[in-house]
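Bear in mind that the values here come from a model prediction, so they are computed numbers and not experimental data.
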Amino acid sequence: MSTNVLRTTDGWWVVRDERAVRVETKAVTTAELLADRNAVREAAASAESGTPVADMVALPPVTTPCRVVAQMVNYRSHAKDSGFTGDIPPAFFRKASGSVSGPHDTIIRPAHVKFLDYEVELGLVMGATLPVGTVVEEQDLSRYVAGLVLTNDVSARDVQLTKTQFYESKSYPTFTPTGPYLALLEPEDFAHLLNLRLRLSVNGVSRQDRTLADMIVRPAQALTLLARFQTLDPGDLLLTGTPGGTALKAPPKPVAKISALLPPAVRWKAFFKGQAKNPLYLRDGDVITATIATPDGQIDLGEQQTPVTDAP
């Protein structure tokens, strides 16, 4: 059974129902906490009644600095929305660890960004070093992955598309809301990953709703591909892609064919003129709600509620 851990300014806590019990540990970073799993187990088994979770202010359960890596176009529904057909080569990109923010922190849209988008994603938190050249089989996941977190890969689409610049467009401060919980998994929990359901709504209106069964490259294969060139260490974070339903969608094929003939400056001007009519992009005052859980609640990563505001 997975164990949910909450982080606050006062330390680490194990969540049991609606209350939290302090983890008696000197750990400051996520990696240090993962090395002190006995303290987590003791808190989970404690007879202490605990503190109401509702009274606590959650920090990101993944401490920074750390490596933040993400998968691109990794759900069939998102690939369809993005206009991809046929086989999609696996691809990764990096995000700045400074983009990681709390599960209820405000997302700040930079003044120059007009098309701000959301992407609910499952985050894998590494529990052991993944050296370059490692091959990860399904049965090996528990050797390398300690737990899961709920994340939102917030994206400045105008920066991403015009500059083909994923790093900048997804790395502004507050662009990776994370938490509230770090769900530490037992080996038997990994069999339930495909049942995890990702949901995201904006102002109470559903936008994204899929399970991991929609994934193209699943976690074990993703780690194997990433390990061809990238080492990961305990506490590092891998975002595993988002399902369909984001604000950004590819234009109809006839329109795409015609626009491909235009000079880049003219093409992007026409594209974003059309996108300006799209009401799904995030605006000042919007509130995003996101959850990831299995139907039986055996794994439940909690709920994010993140308001959006424009930078002053």
Side-chain angles (χ1 to χ4, degrees), residues 1-7 12-21 30 40 44 50 52-54 56 58-62 70-71 74-78 100-105 118-127 138 141-142 145-154 176-215 218-220 222 237-246 287-306:
M1 183 74 175
S2 63
T3 302
N4 280 352
V5 177
L6 181 73
R7 177 174 164 247
W12 300 90
W13 307 75
V14 166
V15 177
R16 300 187 312 205
D17 297 322
E18 300 301 319
R19 304 185 76 82
V21 176
T30 308
V40 175
V53 173
M56 309 177 84
L59 298 175
V62 176
Q71 290 177 258
N74 194 39
Y75 280 72
R76 294 175 183 85
S77 55
H78 189 211
V100 174
S101 55
H104 306 298
D105 291 348
Y118 49 84
E119 295 188 4
V120 62
E121 304 204 11
L122 175 69
L124 308 182
V125 179
M126 303 304 295
E138 291 291 336
L141 270 175
S142 63
V145 176
L148 310 174
V149 289
L150 166 61
T151 68
N152 184 356
D153 180 21
V154 179
T176 314
T178 303
Y181 303 140
L182 167 59
L184 298 178
L185 304 186
E186 299 299 331
E188 60 270 20
D189 293 322
F190 287 86
H192 301 278
L193 290 190
L194 294 188
N195 295 326
L196 285 167
R197 186 174 183 181
L198 290 72
R199 298 183 184 182
L200 182 143
S201 63
V202 179
N203 302 327
V205 179
S206 177
R207 299 282 182 88
Q208 295 182 280
D209 189 349
R210 286 289 193 284
T211 69
L212 260 66
D214 190 34
M215 259 189 183
R218 295 176 179 174
L237 177 61
L238 172 62
L239 279 57
T240 55
T242 197
T246 59
V287 176
I288 305 167
T289 302
T291 61
I292 300 178
T294 57
D296 61 5
Q298 183 165 336
I299 304 174
D300 188 339
L301 308 187
E303 179 182 273
Q304 286 186 7
Q305 280 205 332
T306 47

Run the side-chain hydrogen bond (donor to acceptor under 3.5 Å, both in side chains) test against [X] and tell me which residues pass, sequence neighbours left out.
X	result
D300	none
D214	S77
R19	none
T240	none

Task: All side chain to side chain contact (heavy atoms under 4.5 Å, CB included) counterparts of L59, not counting sequence neighbours - done: R7, T9
Open item on the list: I'd like to check the side chain to side chain contact (heavy atoms under 4.5 Å, CB included) partners of D17; sequence neighbours left out, ordered by chain and number.
Closed with: none
Task: Donor-acceptor side-chain pairing of Y118 and R207 below 3.5 angstrom - done: yes
Open item on the list: Does either side chain, that of Q304 or that of N152, offer a donor lying less than 3.5 Å from an acceptor on the other one?
Closed with: no
TODO: Not counting sequence neighbours, which residues clear salt bridge (Lys or Arg N to Asp or Glu O under 4.0 Å) with E119? List them please.
DONE: R157, K170
Whether [X] side chain and [Y] backbone form a donor-acceptor pair below 3.5 Å:
X	Y	value
T30	P61	yes
R210	G244	no
Q208	V120	yes

- [ ] Identify which one of L150, T289, I292 satisfies the side-chain contact (heavy atoms from CB on, under 4.5 Å) criterion when paired with E303.
- [x] T289
Only distances under 3.5 Å count here; give the side-chain donor-acceptor pairs of residues 176-187 to other protein atoms, sequence neighbours excluded, each with its distance to 0.1 Å.
residue : atom : partner : partner atom : Å
T176    : OG1  : K95     : NZ           : 2.9
T176    : OG1  : S99     : OG           : 2.7
T178    : OG1  : T176    : O            : 2.9

Between [atom1] of [X] and [atom2] of [Y], what distance do you get to the nearest 0.5 Å?
X	Y	atom1	atom2	result
I288	T306	CD1	OG1	4.0 Å
L122	L193	CG	CG	7.0 Å
L301	T291	CG	OG1	9.0 Å

- [ ] Kindly determine whether V14 and N4 satisfy side chain to side chain contact (heavy atoms under 4.5 Å, CB included), including the steps that lead there.
- [x] CA-CA 6 Å; V14 166; N4 280 352; over 6 Å; no
Do the side chains of [Y] and [X] get nearer than 4.5 Å, heavy atoms only?
X	Y	value
W12	V40	no
D189	Q298	yes
L212	N195	no

- [ ] Can you see which heavy atom on Y75 is nearest to which on G241, and at what distance?
- [x] CE1-O, 3.3 Å
Open item on the list: How close do P103 and P60 get, counting heavy atoms only, and between which atoms?
Closed with: CD-N, 4.3 Å
Tabulate below the donor-acceptor pairs under 3.5 Å that side-chain atoms of residues 196-203 make, not counting sequence neighbours, or state none.
residue : atom : partner : partner atom : Å
R197    : NE   : D209    : OD1          : 2.7
R197    : NH2  : D209    : OD1          : 3.3
R197    : NH2  : D209    : OD2          : 2.8
N203    : OD1  : V287    : N            : 2.9
N203    : ND2  : D286    : OD1          : 2.9

Open item on the list: Before you tell me yes or no, could you show the steps for L124 and L237 under side chain to side chain contact (heavy atoms under 4.5 Å, CB included), namely the whole-Å CA-CA distance, both residues' side-chain angles and the distance that decides it to 0.1 Å?
Closed with: CA-CA 6 Å; L124 308 182; L237 177 61; 5.9 Å; no
Task: Test side chain to side chain contact (heavy atoms under 4.5 Å, CB included) applied to L238 and M126, step by step - done: CA-CA 8 Å; L238 172 62; M126 303 304 295; 5.5 Å; no
TODO: Output every pair passing salt bridge (charged side-chain N to carboxylate O under 4.0 Å, His left out) with a member in residues 290-299, not counting sequence neighbours, ordered by first then second residue.
DONE: none
TODO: Show the numbers, then the answer: is there a side chain to side chain contact (heavy atoms under 4.5 Å, CB included) between V53 and V15?
DONE: CA-CA 8 Å; V53 173; V15 177; 4.0 Å; yes
